[in-house]
Amino acid sequence: MPYGKQWVSPEDIEEVSKVLKGDWLTTGPKIEEFEKSMNAFVGCKFSTSVSSGTAALELAVQSLELPKGAEVITTPLTFVADPNSILYNGLKPVFADIDPETYNIDPSEVERKITPKTKAILYVDYAGQPCEIDELREIAEKHDLKLIEDACHALGAEYKGKKIGNFADLTVLSFHPVKHITSGEGGMILTNNHILHDRLNMLRNHGIDRPTMDRFGSRASYAYDMKLLGRNYRLTDIQAALAISQLKRIGLFLEIRSRLASLYNKAFNGSELLSAPVVRSDRKHAWHIYVPLLNKDINRDDFFSFMRSKGIGVNVHYIPVYRHTYYRNNFRISENNFPKTQEIFDRIITLPLHPQMSKDDINRVAECVKLYER
Ligand SMILES: *Cc1c(COP(=O)(O)O)cnc(C)c1O
């Protein structure tokens, strides 16, 4: 029983086959169709699809054109792609400790880390629960910082009644198979800013100023101009067709995830082993992952091995960034500076959660938890 898994339907496969039989395998009409469907779902103006969530993060940072030596504040309890995207751009990641209840970056810790070099905040909606966005926006306004929201967990989440994708300057999505919808690999950057959007469209295509489709046809010219140092981070039409078809079922995916999370919550009510995740009342959780907190006297690694031995694909999200060799070797960051991340990391466990799980699957996981309790 894996912690996350895609759900590919016969219709999804049909849509992909149609593209394979057509003229455009990449840079074709499915790309725009996907971007328009996402804009409609999120209610934002623009989006740029790219080859992965990591590529989306890298280009998001690049598109801000921050000055050399700029610092970007982010969370240590995330996937390494977040701080890596700052490094790819030759900038400096600075870590701010988390809120021990939501595991999201703590705005007051962000404020403590601001220096004259700070130019942006890259925050992550952990597990699918939006961060303290109003507080982060206030800090950004006060110190003239840009905001990037890593919403790889949070497609369909809401903050104060509004969908994620409408708050930060740039919002990043991933379509890896464990995420809400998949395109195999894939990612996207959402924005309401047309300047950033134009730049992102160039950056994903070598920094070239015209989309490939515009260069075909009887009246098109061969001319193009490379204006920025971009990459080839394009999504293919094959992938976009899968993503479009998946996005049609996002409502169902979100509903099932939320229902399964409630079943876990109910099963763990009164548990002496762990407590259910804390959800703030003013936001809608997208439930990418279900991460309860083990009680202090439980050995997480022992519990992890026990669950794996029972065939339950538990996981840990995440090993804090500063514990990885690369970061330890290249940055002077002491884990003593992140007491909350340290404590939470020792006590978190990700339980299986994906839309093809049944009520019985949830019960089986809950039974195994109870077995360990005894
Ligand atoms: C999945 C994920 C990424 C990276 O996305 P890929 O599509 O795998 O490159 C980045 N940040 C977070 C929080 C993620 O969950």
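We count ligands from 1, going down the list as the structure has it; atoms in each ligand are counted the same way. This is a predicted model, so every value here is computed, not measured.
If you look at Y126 next to ligand 1, there are no close heavy atoms at all, none under 4.0 Å. The proximity of V172 to ligand 1, defined as any non-hydrogen pair under 4.0 Å, does not occur for either the backbone or the side chain. Here H153 has side-chain heavy atoms under 4.0 Å from ligand 1, and that is the only part of it that gets that close.
At a 3.5 angstrom cut-off on N or O pairs, D150 counts as close to ligand 1.
Between A55 and ligand 1 there is no heavy-atom distance shorter than 4.0 Å.
The protein heavy atom nearest to atom 2 (C) of ligand 1 is K179 NZ, 2.7 Å. S174 OG, 3.3 Å is the protein heavy atom nearest to atom 5 (O) of ligand 1. Remark: minimum distance from atom 9 (O) of ligand 1 to any protein heavy atom is reached at T54 OG1, 2.5 Å.
Side-chain contact between D134 and Y159 is present, with heavy atoms from C-beta onward closer than 4.5 Å.
Note: Y327 and F95 have perpendicular aromatic rings, judged against thresholds of 30 and 60 degrees for the angle between ring planes.
Nearest residue to atom 3 (C) of ligand 1 from P177, S183, C152, G53 is C152 (criterion: closest heavy atom).
Near G186, meaning under 4.0 Å from any of its heavy atoms, are these atoms of ligand 1: 7 (O).
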